[in-house]
*Asks:* 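The structure is given below, and queries will be raised subsequently.
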2 protein chains.
Amino acid sequence: MTEVDRRVADFESQLKGAGLRMTQQRRLILRVLAEADDHPDAKGIFTRAFALDPTLSLSTVYRTMKVLESQGAIERHAFEDGISRYEHADQEHHDHLIDIDSGEVIEFSSDAIEELQRRIAAELGYDLVRHRLELYGRKKQPARKGGRK
Amino acid sequence: MTEVDRRVADFESQLKGAGLRMTQQRRLILRVLAEADDHPDAKGIFTRAFALDPTLSLSTVYRTMKVLESQGAIERHAFEDGISRYEHADQEHHDHLIDIDSGEVIEFSSDAIEELQRRIAAELGYDLVRHRLELYGRKKQPARKGGRK
DNA sequence: AGCTAGATGAACATCATTTTCATTTGCAGC
DNA sequence: GCTGCAAATGAAAATGATGTTCATCTAGCT
């Protein structure tokens with residue numbers, strides 16, 4: 001909870017600096033986001049927040065996500081289904097591996113891959129600004145006689 | 001043109017095998033796709049094809065893209081804007097580097113990165129099924145006195 | 001040439017996301 | 001602690017890509 005409070009406070013000062021307001025709704029959404037350990041979409045965030053304050057509207061969630069994103073407080077990702085999913089940004093850079101069967105999202109990071117990407121871009125005459133890397137995989141089955149299940 | 005004809009013919013036999021028909025519209029769209037050296041979206045394909053046959057409808061483009069994709073004749077990609085873009089599939093696997101300034105899409109491939117991805121997935125206990133890798137970069141400025149422009 | 005299931009075009013449906021607009025509310029200054 | 005006003009909100013309507021319906025058409029077998 002202290003962790004959550006710290007994030008909310010951090011964000012409040014960011015907003016202040018940008019001449020924006022810390023509203024009930026932003027506080028609420030930020031709390032939901034900070035407590036999430038998955039990658040919820042707008043509707044998912046709305047559902048969780050709505051449970052705590054049924055006056056919240058979905059429009060406000062979308063608007064708030066934009067503000068949060070432009071302040072760098074969250075990151076937005078769109079996996080294969082094209083729907084935007086969000087996660088708070090105060091963590092190390094990482095990419096995602098998506099379990100094809102369960103939809104579970106697993107975070108990982110690899111300096112080797114980061115470096116390789118930079119080098120590839122450079123070889124093509126580009127400075128790498130950002131990238132998107134998603135791996136789609138299926139849980140390895142334990143080896144057994146007769147091969148895979 | 002021979003190349004295009006070959007692709008059209010190839011696809012026609014694929015369709016036959018699946019009990020589907022080779023229509024004027026599919027032929028037209030396939031031709032547009034085979035002649036494209038970029039990554040057009042549905043509207044872009046529609047525009048080009050419509051110029052050759054103004055009876056074509058956008059619905060048919062969307063429907064045809066689905067058929068083409070399910071037959072493995074094309075690949076669909078959605079970059080940052082979320083819009084589906086298409087390219088014919090009879091080429092080596094590759095990833096994309098997008099020029100942030102111009103929107104230009106550059107294809108590249110790297111065995112090293114493919115291998116690294118496989119290894120990372122394996123370390124997480126997964127078999128890699130597919131992946132999405134996009135690099136977003138900016139053209140390197142030639143070095144000059146005083147630094148960057 | 002005729003038949004029939006698959007394909008098309010036009011209009012409408014969907015779904016995520018954005019915008020409009022009237023109303024509410026942070027919060028700066030008193 | 002009150003006031004004013006610009007920023008923020010809620011509800012509903014708009015948007016834009018994509019999908020679907022349905023009456024009509026046509027590819028391709030016979």
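Chain identifiers are assigned alphabetically (A, B, ...) following the order of the sequence lines, protein sequences preceding nucleic acid strands; residue numbering begins at 1 within each chain.
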*Asks:* So which pairs with a foot in residues 61-72 of chain A pass side chain to side chain donor-acceptor pair (under 3.5 Å), sequence neighbours left out?
*Replies:*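 Residue pairs passing side chain to side chain donor-acceptor pair (under 3.5 Å), neighbours aside: A/E69-A/R76.
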*Asks:* When the ring centroid of A/F108 is compared with that of A/H94, is the distance short of 6.0 Å?
*Replies:* no
*Asks:* My understanding is that only residues two or more places apart in sequence, or in another chain, count here; which of them pass side chain to side chain contact (heavy atoms under 4.5 Å, CB included) with B/A49?
*Replies:* B/L28, B/V32, B/L56
*Asks:* For the helix from C/dA1-D/dT30 to C/dC30-D/dG1, what angle separates the axis at the start from the axis at the finish, each from five pairs, in steps of 10°?
*Replies:*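 Comparing the axis at each end, I get an angle of 30°.
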*Asks:* Taking the nucleotide of DNA chain C with the nearest heavy atom to each, does B/R21 or B/Q24 sit closer to the 5' end?
*Replies:*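 Nearer the 5' end of the strand: B/R21.
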*Asks:* Quick one, which residues of residues 42-61 of chain A touch DNA chain C with a heavy atom under 4.0 Å?
*Replies:* A/K43, A/S59
*Asks:* Under a 4.0 Å threshold between the charged nitrogen and the carboxylate oxygen, would A/R138 count as salt-bridged to A/D101?
*Replies:*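 Yes.
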*Asks:* I'd like to know if A/E12 pairs up with A/R26 as an ion pair, taking the criterion as any Lys NZ or Arg NE/NH1/NH2 lying under 4.0 Å from an Asp or Glu carboxylate oxygen.
*Replies:* no
*Asks:* So, does A/K140 use its side chain to make a donor-acceptor pair with the main chain of B/A122 at under 3.5 Å?
*Replies:* yes
*Asks:* Are A/F79 and A/I45 grouped together when hydrophobic residues (ILVMFWY) are joined by side-chain heavy atoms under 4.5 angstrom apart?
*Replies:*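 No, because A/F79 and A/I45 fall into different hydrophobic clusters, even though each may have its own neighbours under 4.5 Å.
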*Asks:* Output yes when at least one side-chain N/O atom of A/T23 is less than 4.0 Å from OP1 or OP2 of D/dT9, else no.
*Replies:*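 Checking D/dT9 against A/T23, a side-chain N or O does come within under 4.0 Å of OP1 or OP2.
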*Asks:* Does the gap between the ring centers of A/H131 and B/H96 come in under 6.0 Å?
*Replies:*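 That pair fails the under 6.0 Å test.
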*Asks:* Ring centres of B/H39 and B/H88 under 6.0 Å apart?
*Replies:*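 Between B/H39 and B/H88, the centre distance exceeds or equals 6.0 Å.
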*Asks:* Can you spot which of A/R130, A/E114, A/E107 makes a side-chain hydrogen bond (donor to acceptor under 3.5 Å, both in side chains) with A/H93?
*Replies:*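 Only match with A/H93 under side-chain hydrogen bond (donor to acceptor under 3.5 Å, both in side chains): A/E114.
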*Asks:* Between the main-chain N or O of A/K16 and the side-chain N or O of A/R21, is there a donor-acceptor pair closer than 3.5 Å?
*Replies:*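 No.
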*Asks:* Could you tell me the separation between the CG atom of A/L28 and the C1' atom of D/dT9, rounded to a whole number of Å?
*Replies:* 13 Å
*Asks:* Using the rule given for salt bridge (Lys or Arg N to Asp or Glu O under 4.0 Å), can you reason through B/R48 versus B/D53, listing the C-alpha separation, both sets of side-chain angles and the distance that settles it, and then say yes or no?
*Replies:* CA-CA 9 Å; B/R48 296 176 204 186; B/D53 173 3; over 6 Å; no
*Asks:* Which residues within residues 62-87 of chain B lie with some heavy atom under 4.0 Å of an atom in DNA chain C?
*Replies:*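 Those residues are B/R63.
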*Asks:* With a strict under 4.0 Å distance from non-hydrogen atoms of chain A, what nucleotide opens and what nucleotide closes the contacted stretch of DNA chain C, reading 5' to 3'?
*Replies:*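 Under 4.0 Å from chain A, the extent on DNA chain C is C/dA16 to C/dC27.
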*Asks:* With a 4.5 Å cut-off on side-chain heavy atoms, are A/R85 and A/E87 touching?
*Replies:* no
*Asks:* On DNA chain D, compare the nucleotides closest to B/L20 and A/L20; which residue's is nearer the 5' end?
*Replies:* A/L20
